Protein chains: 2
Amino acid sequence: MALTAKKPTIDDVARRSGVARVTVSRVLNGGPNVSDAVRAKVIRAVEELDYKVNPQARSLAGGASRLLAFVFASDPENEPNSYYESALELGALRACLALGYQVLIQNVPQSMPDRQKRVLDLITTQRCEGLILSPPYSDDIALIDAALAQGCRVVAVSPGGAGCGKADGVGIDDEAGGYDMARELLRLGHRRFGFLAGLEGHLSADRRLEGFKRALAEQGLGSEAYVALRGDFTFRSGTRLAPELLDHSLRPTALVCANDDMAAGVLSAAHARGLSIPADLSITGFDDAPVAGIVWPPLTTVHQPVKDLGQRAVELLVARLTGANSAPGPVFELLDHAVVSRQTTAPG
Amino acid sequence: MALTAKKPTIDDVARRSGVARVTVSRVLNGGPNVSDAVRAKVIRAVEELDYKVNPQARSLAGGASRLLAFVFASDPENEPNSYYESALELGALRACLALGYQVLIQNVPQSMPDRQKRVLDLITTQRCEGLILSPPYSDDIALIDAALAQGCRVVAVSPGGAGCGKADGVGIDDEAGGYDMARELLRLGHRRFGFLAGLEGHLSADRRLEGFKRALAEQGLGSEAYVALRGDFTFRSGTRLAPELLDHSLRPTALVCANDDMAAGVLSAAHARGLSIPADLSITGFDDAPVAGIVWPPLTTVHQPVKDLGQRAVELLVARLTGANSAPGPVFELLDHAVVSRQTTAPG
DNA sequence: ACGCTTATTGGAAGCGCTTCCAATGTGTCT
DNA sequence: AGACACATTGGAAGCGCTTCCAATAAGCGT
């Protein structure tokens, strides 16, 4: 096996460029007070040697690990491939690449008994400086507080409630998303609805229901106009719960789902009982995941820029870490959503 | 903001347990030659202090970063959520958690001009000790050689060809998978086929076509019995290429796809032109991704244990790094596959 | 009881980098 | 011209850990 020549160190660069180690360090970190001539010399030496800083050494000396952690909750056994989380991760990865940070992906199912400790240990053990929390962790105040207390910055992705008060956040206006979707259905003439909500604790998803209710209320429609059930965001929970919604005495003409996977499940169940979609029943999702375009007919849904959420989350975090953002209170960044009308909705 | 008390160091533990720093280090690393009494004392001190080793310091001093890199190719713009890669990643994550390693996820689209350098830089820059290559990187001999030359261990996931000769690997027998699927279709009486292959360079996916051909050949069927096209593994490429397959003069009665996403696309296109599946046309996929159960009717496909592939990949890698595996040549681990007959296949 | 090996412990050095602070040089103000 | 600010450089210390090697204690045969 070809033994690798030892990697060049900062001292090699210093020697080669005829300056002190500390000067090289300054150049590497874009520090001030370096003359152009010296800077050029150093940069040339770096290139000639193909020198790369050792992040471990830098972290040890400087106290900054440039390590972020992205925590998501989905249970691999149930949901091996949640679009929402994959896309968030991809966005985070992309931003990290651009910013020179690294992100440790951590999958901590809600079902784990010691899940909070698990996340906190990650910070301690790996020396992560920042935490990106996806739902439902983004609403876990105790966790956020604990992380903050350890000096770890945190950003919540799509927090639904009070989480906003503690940490920075990114998200869309889920309430408005639910409202917009309901408005569209009302416009089409629907007056009796089924609503398939998400897992308990996912506050942002619950806000979709609230927006839905608000739109109904504007038309003078109250709780007599809909029946709501809770699924777990999976396709299977959609197929499982669809019958209960469809057979309800209310006889809904439209089924509104808190995400696309469940909507796909509902759609499948509707097919199975021979319903013609959208003629017999309108179905809507949320997220605009790939599955929305894959099912037949393609799903009307609410688009949200999930990849961008992941990206902005990292950017917010890094802004805090570098001090670029020194706002005293938490900042929340709102991204746009939009109803995408495809072919599972029709006049009711 | 509550300033965090400084984290305890190994010296704190040493002081507290009344031994030397080096002894604590020995206990922490499970080293030999530590008396039970001392070991117990140290462990107690560690617990009382809630001490965690600093991985950066350990890495700097010991030269082992315990960092792995997982490289995947999908272009986020096209395929934000490939089941195959997500599942691989999840498996890798799980194994890393168990083994005390960390994995850096790296998305390097094939379209990047300097993709190989990108991957190698990752090793150098982040000091990764091991590389997990998913297709098509698992067949990139130049990349594998370069990584190996840098002293980085590598394991190829589902290599299709010569990659096996250089690095350790895990995978299923893709050739047999293609063969088995074809056998099933032949058994159902089909004699004219369309085959939707994957992207060029994905050698393991190509082997599925080889297996398919072998099964046909066994029945005396040659190239007159099928028409093959190349897609890019996406749903969209399935819908796009389906017409060409269906309208071919051969008039295939079964369409065999190299993965489930494309099969779902083909299915969708078949629906669009009013075909009744599987009565008018049989369609099969490969992978047994969630989408296989989501489309209507559910897809007949070849199951492969993708999560396990990711997990075993990490385990193989770590075995090399720790010396647990010191086989002179590369080892290849074969996992099981199985045809899963659902409802897109019927007698032809 | 003596020299020997073997188990257990600790001292010291140093991984590659950043931090703090002192040492120069250069220009400006009065 | 002298004092002073400022820009530019380097020396030294040390981040928290592991490695190498020396030191001591304990066990054993004869």
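Fair warning: this is a prediction, and the values are worked out from it, not measured in the lab. Below, chain A is the first sequence line, B the second, and so on; all start at residue 1.
The distance between atom CZ of B:R26 and atom C1' of C:dG10, rounded to the nearest whole Å, is 8 Å. One atom, CZ of B:R39, and another, P of C:dA7, lie 14 Å apart when rounded to the nearest Å. Whole-Å rounding puts the A:D36 CG to D:dA7 P distance at 14 Å. Atom pair B:R15:CZ and C:dG10:C1' shows a separation of 15 Å (rounding to whole Å applied).
In summary, the side chains of B:Y51 and B:T9 do not present any donor paired with an acceptor at a separation below 3.5 Å, with no hydrogens or angles considered. A:R58 and A:N29 share a donor-acceptor pair across their side chains, judged by distance under 3.5 Å alone.
Here the side chain of A:I10 is nearest to one of C:dT18, D:dG10, D:dA7, namely C:dT18. The side chain of A:T9 has C:dG16 as its nearest neighbour among C:dT9, C:dG16, D:dT18. Out of D:dT18, C:dG10, C:dT9, the shortest distance to the side chain of B:N29 is found at D:dT18. For B:V22, counting side-chain heavy atoms from C-beta on, the closest listed nucleotide (D:dT19, D:dT18, C:dT8) is D:dT19. In this structure, the nucleotide among C:dA7, C:dG10, D:dT18 sitting nearest to the side chain of B:V19 is C:dG10.
Every residue two or more places apart in sequence or in another chain that forms a side-chain hydrogen bond (donor to acceptor under 3.5 Å, both in side chains) with B:D145 is listed here: B:K166.
For B:R127 against C:dG16, a side-chain-to-base donor-acceptor contact under 3.5 Å is absent.
Ion pairing of B:R16 with B:E48 is present here, as a side-chain N (NZ or NE/NH1/NH2) and a carboxylate O approach within less than 4.0 Å. Using a cut-off of 4.0 Å between Lys/Arg side-chain N and Asp/Glu carboxylate O, A:D121 and B:K52 are scored as salt-bridged. Ion pairing between a basic and an acidic side chain is recognised when a charged N comes within 4.0 Å of a carboxylate O; B:R44 and B:E47 show no such pairing.
For the residue pair A:P55 and A:V53, the shortest heavy atom distance occurs at CD-O, 3.2 Å.
At C:dT9, none of the side-chain N or O atoms of B:T23 fall inside 4.0 Å of OP1 or OP2 (strictly under the cut-off).
Residues from residues 50-62 of chain B with heavy atoms under 4.0 angstrom of DNA chain C, sorted by number: B:L60, B:A61.
Comparing A:S25 and B:N33 by the nucleotide of DNA chain C that holds the closest heavy atom to each, the one mapping nearer the 5' end is B:N33.
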